[in-house]
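Worksheet: the structure to be examined is printed underneath.
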Amino acid sequence: MTTENKTTNTPTKPAKAQALTAVKGMNDLLPPASAQWEWLEDKVRGLMARHAYHNLRTPIVEPTALFVRGLGEVTDIVEKEMYSFEDRLNGEQLTLRPEATAGVVRAVVEHNMLYNGGQRLYYMGPMFRHERPQRGRYRQFHQIGAEALGFPGAEVDAELILLAATLWQELGLQDVRLELNSLGQPNERAAHRAALIAHLEAHADVLDEEAKRRLHTNPLRILDTKNPAMQSVVEAAPKLIDFLGEASLAHFNAVKAILDASGVAYRINPRLVRGMDYYNLTVFEFVTDRLGSQGTICGGGRYDYLIEQVGGKPAPAVGWALGVERVLELLKEQGTLPEATGPDVYAIVPDAAALPVVFKTIQTLRAQGVSVQMHAGAGEGMGSMKSQFKKADGSGAQFALIFGGDELARGEVTLKSLRDGAGAQEALPLADVTVRVAAKLALGVVSSQSVA
Ligand code: ATP
Ligand code: MG
């Protein structure tokens with residue numbers, strides 16, 4: 001019977017299409033969590049404005065060559081984490097940006113932005129890396145970054161580190177510590193590299209496959225290994241700091257002096273090398289122990305040679321990037337993420353006939369900065385008062401503003417408190433609604449006496 005059914009020619013409904021889901025490791029950001037992102041972004045915008053850093057927005061897609069040249073061929077990102085593809089129409093090799101510094105540098109060079117001195121810039125946005133998704137590690141994640149280009153001095157390194165430290169303070173982040181190192185200059189690194197390779201070769205028996213592969217391409221990155229079996233060799237390795245010349249040391253000391261004077265604590269971590277090849281002199285990370293192995297919330301440093309590498313006139317630069325998901329996760333872990341709040345006012349509309357007055361009134365309220373959620377009918381008409389009040393409560397609003405027919409006929413509306421002193425209500429002349437509601441919200445009180 002069933003087979004017969006299947007072969008009949010009677011038109012049947014098409015099979016229900018299977019629902020599509022987001023790409024693995026890439027997340028939708030829904031309310032109310034999205035409000036917490038906006039809260040963070042607002043804090044950052046305010047802070048950047050107070051430091052005279054300006055917003056730069058670059059494309060999410062860049063030529064693949066930008067990252068290969070900028071980040072270095074033998075880096076985790078370029079070797080295995082990039083979303084690269086060929087443009088089907090013109091064959092261009094493109095990549096979803098895995099980080100934003102290279103794009104910032106490209107834009108700064110392309111628009112000749114350093115012709116008249118330095119630039120202090122910041123960005124926010126999604127980055128893409130093909131990694132194993134886990135808590136604090138995603139394939140589409142978000143960074144906020146700050147970059148100062150065209151400034152050689154240690155004071156700008158310090159300014160950027162202090163900027164990040166101030167952000168933690170203003171967000172109420174706890175248990176974040178600063179790790180600091182200096183990578184010196186290329187010639188100093190070359191001398192260190194030779195000594196390092198000799199040391200690692202002398203202990204070739206304990207090196208893992210990855211380390212062996214990197215021994216002659218990028219031995220510095222071996223110091224970053226998480227392999228427990230290699231820890232003692234790595235710890236005994238020659239330290240770059242012992243190879244730094246006078247100028248590099250002076251730069252490092254100047255950064256430290258400003259941090260000391262500003263009361264910002266740090267730990268020198270001689271093994272801090274960072275994932276990209278472009279860094280020199282100062283490098284730093286802000287880390288926490290509260291997020292497991294995804295404990296780096298922000299990393300950065302000086303990259304005086306990147307601009308030239310990307311084809312610009314040589315100019316120094318320094319910057320950092322923070323991981324938005326990790327910062328928010330840490331706040332959540334602490335229990336100090338701000339709760340999402342409801343609107344100030346929920347407009348209850350017993351009868352659709354009142355809608356013209358409702359719109360007029362709530363538009364003036366909104367123009368004064370009061371947030372208003374208007375009741376919308378779910379079926380025929382506006383719905384019962386009971387269901388409207390239920391919605392008003394569920395919205396988290398402070399007040400319900402009731403546009404009842406009788407009150408409107410008297411030129412009034414009713415304002416009812418839904419939170420503090422819930423139930424208290426009073427009639428307000430329509431003409432005064434905006435002033436009275438704004439005053440109540442500013443005072444945060446419901447009693448009618450407080451609004452003389
Ligand atoms: P990690 O060592 O954790 O892989 P990274 O050194 O690759 O970090 P950077 O390239 O310095 O990270 O990026 C700056 C910040 O961006 C990191 O400190 C982290 O907070 C965040 N970040 C990096 N990769 C991811 C990711 N895949 N998912 C979420 N956040 C990330
Ligand atoms: Mg990484």
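Every number for a ligand or one of its atoms is a count from 1 in the order of the listing. Residues: numbered from 1 along the sequence shown.
In this structure, Glu99 falls outside the shell of residues with a heavy atom less than 4.0 angstrom from ligand 1. Within the 4.0 Å heavy-atom shell around ligand 1 one finds Arg326. Ligand 1 has Gln143 within reach: a non-hydrogen atom of the residue lies less than 4.0 Å from it.
At a heavy-atom distance under 4.0 Å, atoms from both the backbone and the side chain of Thr296 approach ligand 1.
Between Tyr138 and ligand 1, at least one pair of N/O atoms sits closer than 3.5 Å.
Shown in contact with Gly136 at under 4.0 Å from a heavy atom are these atoms of ligand 1, numbered in order with element: 28 (N), 29 (C), 30 (N). Close contacts between ligand 1 and Arg129 involve ligand atoms 5 (P), 7 (O), 9 (P), 10 (O), 12 (O), 13 (O), 23 (C), 24 (N) [criterion: under 4.0 Å to a heavy atom]. Taking every heavy atom of Ile297 and a limit of under 4.0 angstrom, the matching atoms of ligand 1 come to 18 (O), 20 (O). Listed by number with element, the atoms of ligand 1 under 4.0 Å from a non-hydrogen atom of Cys298 are 18 (O). Contact atoms of ligand 1 toward Ala321: 14 (C), 15 (C) (distance under 4.0 Å to a heavy atom of the residue).
Contact record, Val255 with Ala154: CG2-CB, 3.6 Å, taken as the closest heavy-atom pair.
At distances below 3.5 Å, at least one donor-acceptor pair connects side-chain atoms of Asn218 with backbone N or O atoms of Val74. Between the Gln134 side chain and the Arg132 main chain, a donor and an acceptor come within less than 3.5 Å of each other. Without hydrogens or angle criteria, Gln143 side chain to Met124 main chain gives no donor-acceptor distance under 3.5 Å. Formation of a donor-acceptor pair under 3.5 Å by the Glu329 side chain with backbone atoms of Leu291 is not found in this model.
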Hey, mind stepping through Val78 and Thr75 against side-chain contact (heavy atoms from CB on, under 4.5 Å) and telling me if it holds? CA-CA 5 Å; Val78 172; Thr75 54; 3.5 Å; yes
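Among all protein heavy atoms, the one lying closest to atom 11 (O) of ligand 1 is Arg274 NH2, 2.7 Å.
Aromatic ring orientation, Phe243 versus His192: perpendicular (interplanar angle above 60°, classes split at 30° and 60°).
Stacking of Arg120 on the aromatic ring of Phe151 is recorded, both the 6.0 Å distance cut-off and the 45° axial limit being met.
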